[in-house]
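Worth saying up front: this structure is predicted, and the values here are computed from it rather than measured.
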Amino acid sequence: MLQQIRSSTIDWSPTPVVALATSVDGSQVAAAREDGSVEIWLVSPGSVGWHCQLVVLQTVGVSIWQMALEPCKSYRDEVGNELKGNENGVVIDRNSGDESGSESSDESDSDDSVDLYAQSSLRNPLIALACDDGCVRLYTISDADEFIYHKALPRVSGRALSVTWSLDGSLIYSGSSDGLIRCWNTKHLHEVYRITVGLGGLGTGSDLCVWSLLTLRCGVLVSADSTGSVQFWDIRHGTLLQAHSLHKGDAYALAAPPSHNRVFSAGSDGKVILYKLSDDAPDLSQNSNLSTDVVKKWVYVDSRSAHTHDVRALTVAVPISQEDHFPAEIVKKQRRKEKPVDFSYHKWAHLGVPMLLSAGDDTRIFAYSADEFSKFSPHDVCPAPQRVQVHFIQKSIFKQMPLLLVQASNRVDIMSLRLGNAIVPDKASNNGHASTNLLARVNSKASGKIICSSISPSGSLFSFSNHTKPSLFELKKQEGSKSPWVINKRQLPGKLPFAHALTFTSDTSRLIIAGNDRRIYMVDVNSAELVHVYTPCRKSQDECSTPSEPPITKLFTSSDGQWLAAVNCFGDVYIFNLELQRQHWFVSRLDGASVTAGGFPPLSNNVLVITTSTNQVYAFDVEAKQLGEWSRKNSSALPRSFQEFPGEVIGLSFPPSANSSSVVVYSSRAMCLIDFGMPIEGEANGNMFTDDRLTNFDSVSFDSVSRKLLSSNGSLKRKLQLQMEFKRNFEFCPFRHPVLFVGHLSKSSVLVVDKPWLEVVKSFDAQPVHKHIYGT
């Protein structure tokens, strides 16, 4: 495997998750963080396939503690008028500091309810906001996506902290900081009844906060409060049915799966607790005259403590993306000095089966099986939350000094990299560590959040964009001065939109901007003129039409400056010919998966390599507008160990050598070396080259893409023949700490930028949950 040169000096401070919300179809989850950013995650039917599709960096008003959407499907049962409608569709909590978040989603019981609602629905659903001034305000969203005020409920003492709707939309339940739950009539705006939440007279008044509310189809209202109690109330009369005080601290969040026969709670003790509805029927064997009524109770089942800090948000999602079924695989065991790396995950969740998600002050998101909560361990959705963006220049124009551009939330740092006792990568020592030195820092104006950044291949120019506009800067070195490094701001054309992605061409002459208006702008950095505007489209004849494609989030350019690959947030790929200034090819999302990483190998300008959220690798021949032969043969036969790659693939790194056919694929937890010049079937026998293979090297059938990755002079063949070493394809290497970036320093070594998680935890403002250690 390649030599690893580690650097752990980069600052990395992720922020807590304060709210979770599920899309209507349950396939996407939005995670709101304390810094105002919102992450849109694609829900996977297993532990593989989770992908952050988009990050929205817009500040949300912190005066709103909770939002609840009016139920969109409801009807009454023919017997007893029992409600059978949809639960409050989406609930979003937005808070800060000691605040919490929760929300739940549900599905209709039958198609009849949808038809009934279609006949009775005459307006857009209302949104109830629990506000800091004690009011619950009702808003509606117009067809033009405008947030329109409708009316407000009477103001109460304290703060309105939680809100939810009845299943038929006629009532609203609100919880406040005065320890009361109030039931409101939405038509007449009057209070129907109120509930005093405190148990036994303890924690009432200003000492008790009702953090979350949840309504169930069985006629039960569930509350979570600051005493750690989760209480079940009769929704008609407001009487207490049951109470559980299992949280050691505040109970912040509630959630329920679509069946409504289970309830999950989370709190400041870091626990997620499951309660289940059980039926206790009387014994009728001796007296047949006894009532056949069944007594239903909510009983404690189990708890999980995956989080190290307060858990502030819960939600339930239902994956609808494609589920991969791995074939049975017989692997020949080999004797080794060390245990082989095993990254296999058990598929604890399946297509259409609900799963629970939790998040909180430890900045991480965990997924659980909602139906088999006690059977499987939770899955860490994002091992490296809010990963710092790192761009690496191997040899800059400043005496070939390696440079790093590190993108923080509101600044960009330019750093030099020192490898042992040397600065140039080829002269680095083998101590395995690298140090950094801050050369320059540029802050975003008005503390604006930085969306994306890029640095030119020469290292002389860099750019970033916030929500206002993109900016371009030049890095210069002045000998003999107190401040040898100088930053000059360069001009850009006026009225450019802010960007979702940025990149430079290989000759540093042009900056490419993927604007938020869904167009791609090419700017000449020397003349500050707009060279061309591209409109991504599915057909070439539609290029001049109004942009209608999803936002572009990734940009890749070839080393000869001919090709540009643009990828949208859903995984569609648009190939542009920069010489002809037109779109060359459109590649629809592969197997419905998003693109996680990609790039053009050095000096292999017609080859585009991408990875997807389903852990597939594809090599395209962009000039021929087709998949390479390697991908056509092997994409459906990749090793299972790679398809169950630990963590989401976040990047690729190509060796600088022109006669190399390999690529390093990495996540925050491991990296894998893939050689396109080696057959995949070698995994069963150890992935090794034998003497016969070296002798008959010319007879090995390399496809067109692999040949372009190999040099024509046969230097790779001679190297293999001289070394006569065993070589393994799809070789894994686990990381000890979460990794932020991997990049080649030379053909035999890579730079690994990581950070011990314990150091990251020490930077949190919130204190971890104290957990008793057995024997102490």
Side-chain angles (χ1 to χ4, degrees), residues 1-8 336-338 340-341 343 390-395 400 402 404 417-420 422-436 597-604 609 611 617 619 638-639 641-642 645-647 649-678 680 682-683 686-689 706 709-711 715-716 719-720 722-755:
M1 198 65 176
L2 300 173
Q3 178 192 3
Q4 297 183 31
I5 308 298
R6 295 178 54 248
S7 176
S8 303
R336 300 181 182 180
K337 294 182 180 180
E338 300 178 355
V341 180
F343 291 126
V390 179
H391 303 274
F392 176 58
I393 301 300
Q394 182 190 2
K395 295 181 179 180
Q400 296 188 341
L404 289 175
L417 187 69
R418 179 175 289 274
L419 310 171
I423 295 180
V424 180
D426 296 337
K427 299 180 180 179
S429 60
N430 295 326
N431 61 359
H433 293 277
S435 60
T436 58
F600 291 88
L603 303 180
S604 301
V609 180
T611 59
V617 179
L638 295 181
S641 58
F642 179 79
F645 200 82
V649 173
I650 58 177
L652 305 179
S653 179
F654 300 97
S657 176
N659 57 8
S660 175
S661 61
S662 63
V663 60
V664 170
V665 179
Y666 67 93
S667 70
S668 60
R669 299 179 59 188
M671 68 178 180
C672 177
L673 180 63
I674 302 176
D675 195 329
F676 293 102
M678 295 178 61
I680 292 181
E683 183 186 35
N687 292 323
M688 301 176 182
F689 277 129
S706 299
L709 294 173
L710 295 173
S711 61
S715 58
L716 179 60
K719 181 179 179 181
L720 289 172
L722 291 174
Q723 292 182 351
M724 292 294 291
E725 293 180 346
F726 292 127
K727 190 174 182 181
R728 175 180 302 170
N729 205 3
F730 287 89
E731 183 177 2
F732 282 89
C733 178
F735 295 135
R736 182 179 180 183
H737 304 299
V739 165
L740 307 175
F741 175 80
V742 173
H744 273 83
L745 291 167
S746 64
K747 57 185 178 182
S748 59
S749 62
V750 291
L751 170 68
V752 178
V753 179
D754 62 3
K755 195 77 171 179

Inset, instruction - Output all residues satisfying side-chain contact (heavy atoms from CB on, under 4.5 Å) with Leu652, sequence neighbours left out; order by chain, then residue number. - result: Ala597, Val609, Thr611, Phe654, Val663, Val665
Legend entry - Test item: Leu404 and Leu751 side chains (from C-beta on) under 4.5 Å apart, heavy atoms: yes
Inset, instruction - May I ask you to decide if His737's main-chain N or O and Asp754's side chain share a donor-acceptor pair within less than 3.5 Å? - result: no
Inset, instruction - Tell me, with the steps shown, if Gln4 and Cys733 meet side chain to side chain contact (heavy atoms under 4.5 Å, CB included). - result: CA-CA 10 Å; Gln4 297 183 31; Cys733 178; 2.9 Å; yes
Inset, instruction - Check the pair Ile674, Asn729 against side chain to side chain contact (heavy atoms under 4.5 Å, CB included), reporting the backbone distance first and the verdict last. - result: CA-CA 6 Å; Ile674 302 176; Asn729 205 3; 4.2 Å; yes
Legend entry - Arg6 side, atom CZ; Phe735 side, atom CZ - distance, nearest 0.5 Å: 10.0 Å
Legend entry - Under 3.5 Å donor-acceptor, Gln394 side chain and Leu745 backbone: yes
Legend entry - Nearest non-hydrogen partners of Val742 and Met671, listed with the distance: CG1-SD, 4.4 Å
Inset, instruction - Please tell me if the side chains of Pro656 and His744 come closer than 4.5 Å, counting only heavy atoms from C-beta onward. - result: yes
Legend entry - Exercise: identify the closest heavy-atom pair between Leu740 and Ile650: O-CD1, 4.3 Å
Inset, instruction - Please round to the nearest 0.5 Å and tell me the distance separating atom CZ of Phe676 and atom OG of Ser604. - result: 10.5 Å
Inset, instruction - List for me each residue that meets ring-ring contact (aromatic ring centres under 6.0 Å, His included) alongside Phe642, sequence neighbours excluded, and say none if there are none. - result: Phe645, Phe730
Legend entry - Leu2/Ser749 under side chain to side chain contact (heavy atoms under 4.5 Å, CB included): CA gap, chis, key distance, verdict: CA-CA 5 Å; Leu2 300 173; Ser749 62; 6.0 Å; no
Legend entry - Min side-chain heavy-atom separation Arg418-Thr436 under 4.5 Å: no
Legend entry - CD1-OG distance between Ile5 and Ser435, expressed to the nearest 0.5 angstrom: 11.5 Å
Legend entry - Contact check, side chains of Phe392 and Pro402, non-hydrogen atoms, under 4.5 Å: yes
Legend entry - Heavy-atom pair of closest approach, residues Leu673 and Ser662: CD1-CB, 3.9 Å
Legend entry - Donor-acceptor contact below 3.5 Å, side chain Lys747 vs main chain Pro655: no
